[in-house]
Enquirer: 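Pasting a structure here, questions to come.
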Amino acid sequence: MTEEHSILELTVRSERGDGEAQYLLGKRYYEGDGVEQDTVRAVALISAAANSGVPDAQYTYGYFCCYGIGVPTDKVNAIQWYRKAANQGYVEAQYGLGYMCDKGEGVKINKMEAAKWYLLAADRGHPAAQCNLGILYFNGWGVRRDVVEAFRLFKLSAEQGNLDAMFNLGRMYESGEGVEPDLGEAMKWFTRAASQGDPHALFLVGLRYLHGDGVEQDRELAARMLTAASNREDPDAMITLGMMYYSGTGVPRDLSRAMDLFKGSARAWDPLAIFMMGLMYYNGEGVPRDVRKGIGLAKLSAELGCHEAMDFLNGVDGGRVD
């Protein structure tokens with residue numbers, strides 16, 4: 001049903017048990033479209049429509065169950081409603097069912113089942129399904145590994161604006177898996193993803209400008225892109241930008257800012273960030289000197305495999321640290 005219907009008409013038809021009208025009216029109440037928003041009434045109407053077999057309503061009610069909107073969170077029940085809609089060919093439900101099988105939400109992880117539902121949605125042009133199916137093919141999860149098919153799916157998805165697919169496509173052009181390596185194409189897709197705010201793409205493009213890797217070196221632009229990625233809590237961007245502030249590379253030296261960035265990256269257990277925090281405490285750089293704390297952080301970093309921390313500890317008192 002695509003034409004507009006009045007609230008009165010939908011109400012009358014809903015009271016007569018018209019499932020399509022119940023769904024449309026429930027959607028209007030959920031969105032507050034022409035009526036006062038009423039989630040309780042919306043859920044009741046959409047539930048009735050779902051029980052009468054309307055696929056849009058089955059998917060929507062499953063979504064409510066999945067995220068606890070107007071009903072208790074119940075992912076097992078969400079799976080059941082997604083399956084009903086998916087079996088009627090409802091593409092968003094096919095993707096949702098694939099996703100839940102892929103991630104193990106409401107059901108045990110089943111990559112083969114995920115691939116089945118992603119494929120149905122991907123064949124109908126669903127960009128997220130195309131991207132996620134591409135990931136399964138790239139890794140050989142639930143399907144035979146096929147990097148050429150992964151590339152094809154990522155490209156279809158990326159051309160529809162899916163950020164993860166843009167990033168993955170850039171990685172494949174960069175590595176030459178599934179396609180001839182092409183750093184220019186890689187940079188194009190990373191830049192497209194970065195321009196739409198993808199944090200790790202912002203990091204990768206910023207890193208290239210920082211080092212002049214395939215582009216003309218521009219440390220000021222690199223700092224701006226790494227700042228944008230750091231503001232989106234990308235740990236790799238935080239440690240890289242932190243090192244820039246620590247050394248004064250491309251930005252004015254700012255030890256306080258460096259420490260904040262190292263702390264942010266350390267929350268994601270980045271070994272180098274943890275070591276840099278330890279080094280700054282040990283030397284009293286931007287923070288009050290605290291040798292014990294500095295050594296403790298360096299030890300943690302070394303345990304996580306940071307060679308810089310290992311070298312540092314070997315150099316402290318001839319390798320002996322109390």
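Here the structure is a predicted model, which is why all the values come from computation and not from measurement. Below, each value reflects all heavy atoms present in this structure, side chains not excepted, and no hydrogens, waters or symmetry copies. In this chain, numbering begins with 1 at the start of the sequence shown.
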Enquirer: Spell out, yes or no, whether Leu226 and Tyr209 are grouped together once hydrophobic residues are joined by side-chain heavy atoms under 4.5 Å, including indirect joins.
Expert: yes
Enquirer: With sequence neighbours left out, write down each residue that passes side-chain hydrogen bond (donor to acceptor under 3.5 Å, both in side chains) with Lys188, or none if nothing qualifies.
Expert: Glu185
Enquirer: Could I get the full list of ring-ring contact (aromatic ring centres under 6.0 Å, His included) partners for Tyr29, not counting sequence neighbours?
Expert: none
Enquirer: Strictly by modelled atom types, are Asp146 and Tyr137 linked by a side-chain donor-acceptor pair under 3.5 Å?
Expert: no
Enquirer: Describe, in one word, how the ring planes of Tyr59 and Tyr90 are oriented to each other, choosing from parallel (under 30°), tilted (30 to 60°) and perpendicular (over 60°).
Expert: tilted
Enquirer: What orientation do Tyr173 and Phe151 show, parallel under 30°, tilted 30 to 60°, or perpendicular over 60°?
Expert: perpendicular
Enquirer: Check this for me: does any side-chain nitrogen of one of Arg152 and Glu159 sit under 4.0 Å from a carboxylate oxygen of the other?
Expert: no
Enquirer: Under the salt bridge (Lys or Arg N to Asp or Glu O under 4.0 Å) definition, can you give me all pairs with a residue in residues 66-76, not counting sequence neighbours?
Expert: Lys75-Glu105
Enquirer: Answer whether the closest heavy-atom distance between the side chains of Leu202 and Phe190 falls below 4.5 Å.
Expert: no
Enquirer: Only counting residues at least two apart or in another chain, list the ones meeting ring-ring contact (aromatic ring centres under 6.0 Å, His included) with Phe262.
Expert: none
Enquirer: Which donor-acceptor pairs under 3.5 Å do the side chains of residues 91-99 make with protein atoms, sequence neighbours left out?
Expert:
unit_1: Glu92; atom_1: OE1; unit_2: His126; atom_2: NE2; d: 3.2
unit_1: Glu92; atom_1: OE2; unit_2: His126; atom_2: NE2; d: 3.2
unit_1: Gln94; atom_1: NE2; unit_2: Ala86; atom_2: O; d: 3.4

Enquirer: Under 4.0 Å between a side-chain nitrogen and a carboxylate oxygen: does that hold for Glu31 and Lys27?
Expert: yes
Enquirer: Sequence neighbours left out, what pairs pass salt bridge (Lys or Arg N to Asp or Glu O under 4.0 Å) with at least one residue falling in residues 226-242?
Expert: none
Enquirer: Hey, is Lys111 close enough to Asp102 for a salt bridge, meaning N to O under 4.0 Å?
Expert: yes
